[in-house]
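Could you have a look at this structure, given as structure tokens, before my questions?
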Amino acid sequence: MTSSEIKALTGQYIMNTYGRFPVAIDHGQGATLYDPEGNAYIDFTSGIGVCDLGYGYQPWVDAIAAQAKKLGHVSNLFYTEPSAKLAEILCQRTGESCVFFANGGGEANEGMIKLARKYSFDKYGKGRSTIITLNNSFHGRTITTLMATGQEVFHNYFFPFTEGFRYADANDLASLEAAAGDDVCAVMMELVQGEGGVLPLDKEYVQAVKKLCEERDWLLLIDEVQTGVGRTGSLFAFQQYGVLPDVVSFAKGIAGGLPMSGIMANEKCRNVLGPGTHATTFGANPVCAAAGLVVQETLSDAFLEEVQAKGEYLRERIEALDLPCFGKTRGLGLMIGIEVKEGFNKSEIAGKLIDSGLLVLTAGPGMRLLPPLVITREEMDQGLAIMKKTLG
Ligand SMILES: *Cc1c(COP(=O)(O)O)cnc(C)c1O
């Protein structure tokens with residue numbers, strides 16, 4: 001099919017819930033994508049932080065094919081090897097104790113919220129179920145995670161929402177104290193607010209929140225759906241912040257492009273969700289887990305150092321371009337935000353770059369870059385050249 005045929009068919013038969021760019025993607029290799037007509041696009045998006053190994057990565061393709069041939073799905077009523085191995089690696093590399101596998105980020109966060117509320121219910125009974133989240137956060141699109149999201153625009157249309165969330169300002173301990181109370185069971189946050197605009201939290205703040213959580217027996221819930229799995233230059237961002245969350249969620253990059261997510265809990269929370277309290281049909285799917293194992297094998301410590309170096313390179317070069325529309329950059333690893341100067345429109349900039357062969361994202365008030373973690377210097381330089389030509 002041609003691009004225009006695909007667009008027409010989509011318009012006719014798929015619900016119009018996405019503001020799509022006018023591009024159809026057919027295939028990819030490395031960090032380069034191609035439309036059906038063969039036009040190339042340098043990818044600074046990874047399918048929104050998902051395709052950490054880029055496209056057509058041979059070990060990933062082979063592992064999926066081999067596992068699909070052996071066993072595609074069997075349900076969590078039976079044991080399978082790939083998910084057990086993946087859980088072992090995740091725990092060994094992070095210091096967490098156990099994993100529950102799900103399918104998407106919002107669903108993982110639902111599990112994290114359920115765990116926090118049950119932890120408190122088991123210990124203190126009813127009435128201690130409020131979770132403090134941060135303004136400008138993003139935690140998902142389910143009825144509950146919309147409410148966990150600290151942005152008014154998401155609290156619309158779908159009433160009634162789930163009760164039990166209060167909001168505090170990021171990097172502001174006094175604001176967190178103001179939201180505290182006897183009804184609180186947990187604090188939930190992203191360490192780099194992603195959809196909110198690539199805003200990293202301060203290390204001192206996060207460590208102070210961890211201390212407060214310990215004093216009051218609140219659980220510290222970290223949403224690493226976007227920051228996790230190497231994106232920030234460490235396997236999880238919390239490892240750079242020097243805290244071990246009670247529960248942490250992951251999704252996007254975990255299986256390099258197949259739908260998979262989950263939560264990891266520390267020893268204290270190991271037995272909170274017992275048999276019958278939480279489940280999902282597709283969770284721990286063996287094909288997704290086999291793909292996740294390839295991601296873990298690829299993301300060695302040396303590879304993660306390279307992610308840091310690539311992120312620094314890209315930020316430095318973008319600032320050196322000194323484009324009229326861009327200000328400072330910020331972020332961690334290959335999770336990069338670019339300030340858009342007043343008088344310029346982020347969506348217009350994204351549209352122009354995409355027209356010129358460079359895929360980029362927007363977030364909050366500026367641009368957001370999430371290139372595949374395997375992106376080469378050559379591909380980054382091609383992307384930078386497109387930026388310069390298009391916006392210079
Ligand atoms: C993307 C994202 C989610 C939602 O994940 P889905 O897979 O779309 O449900 C939740 N939290 C954060 C931080 C995210 O970036």
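Counting starts at 1 for both ligands and their atoms, in listed order.
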Problem - Subset of ligand 1 atoms that lie under 4.0 Å from at least one heavy atom of His139 - result: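 Atoms satisfying the 4.0 Å criterion: 10 (C), 11 (N).
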
Practice task
Run the numbers for me: atoms of ligand 1, each under 4.0 Å from some heavy atom of Asn109, listed by number.
Solution key: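 Once the distances to Asn109 are compared, the set is 10 (C), 11 (N).
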
Exercise for the section: Could you tell me the residue and atom name of the protein heavy atom closest to atom 11 (N) of ligand 1, and the distance to it rounded to 0.1 Å? Expected result: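 I find the closest protein heavy atom is Asp223 OD2, 2.8 Å.
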
Practice task
Could you tell me whether Gly105 and ligand 1 have an N or O pair separated by under 3.5 Å?
Solution key: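 Yes.
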
Exercise for the section: Is it possible for you to check whether Arg20 lies under 6.0 Å from the centre of the six-membered ring of Tyr18, through NZ or CZ, and within 45° of that ring's axis? Expected result: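 Cation-pi check for Arg20 and Tyr18: fails.
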
Practice task
May I ask you to check if Arg141 and Tyr157 form a cation-pi contact, with NZ or CZ under 6.0 angstrom from the six-membered ring centre and within 45° of the axis?
Solution key: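 That pair does not qualify as a cation-pi contact.
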
Handout entry: N or O contact, Glu190 vs ligand 1, cut-off under 3.5 Å
Key =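 By distance alone, the answer is no.
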
Exercise for the section: Mark yes or no: Arg377 above the aromatic ring of Tyr313, with NZ or CZ under 6.0 Å from the six-membered ring centre and no more than 45 degrees from the axis. Expected result: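 Judged by the rule (NZ or CZ under 6.0 Å from the ring centre, within 45° of its axis), Arg377 counts as positioned above Tyr313.
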
Using atom types as modelled, flag every donor-acceptor pair under 3.5 Å from a side chain in residues 347-365 to any protein atom, sequence neighbours excluded.
{"from": "Ser356", "atom 1": "OG", "to": "Lys352", "atom 2": "O", "distance (Å)": "2.9"}
{"from": "Ser356", "atom 1": "OG", "to": "Thr390", "atom 2": "OG1", "distance (Å)": "3.1"}

Practice task
For the residue pair Phe236 and Phe238, categorise the inter-ring angle as parallel (less than 30°), tilted (30 to 60°) or perpendicular (more than 60°).
Solution key: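 Parallel.
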
Problem - Distance filter under 4.0 Å to Gly104 heavy atoms, resulting ligand 1 atoms - result: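 Atoms satisfying the 4.0 Å criterion: 7 (O).
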
Practice task
Distance to 0.1 Å, residue and atom name: give those for the protein heavy atom nearest to atom 2 (C) of ligand 1.
Solution key: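 Heavy-atom neighbour on the protein nearest atom 2 (C) of ligand 1: Lys252 NZ, 2.5 Å.
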
Problem - Test of ring centre spacing under 6.0 Å for Phe161 and Phe159 - result: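 Yes, the ring of Phe161 comes within the 6.0 Å limit of the ring of Phe159, centre to centre.
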
Practice task
Report yes if Glu107 has an N/O atom closer than 3.5 Å to an N/O atom of ligand 1; otherwise report no.
Solution key: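 No; every N/O pair is 3.5 Å or more apart.
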
Practice task
Could you tell me if the ring centre of Phe326 sits under 6.0 Å from that of Phe344?
Solution key: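 Here the rings of Phe344 and Phe326 have centres that are no less than 6.0 Å from each other.
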
Handout entry: Whether His278 and Phe100 hold their rings parallel, tilted or perpendicular, with breakpoints at 30° and 60°
Key =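 Tilted, since the angle between the ring planes falls between 30° and 60°.
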
Handout entry: Residue portion contacting ligand 1 (non-hydrogen atoms closer than 4.0 Å) for Ile48
Key =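 No part of Ile48 comes within reach of ligand 1.
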
Exercise for the section: Ignoring angles and geometry beyond distance, decide whether Gly106 reaches within less than 3.5 Å of ligand 1 through its nitrogen or oxygen atoms. Expected result: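 Indeed, backbone or side chain, Gly106 has an N or O that close.
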
Handout entry: Any non-hydrogen protein atom less than 4.0 Å away from atom 9 (O) of ligand 1
Key =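 There is a protein heavy atom less than 4.0 Å from atom 9 (O) of ligand 1.
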
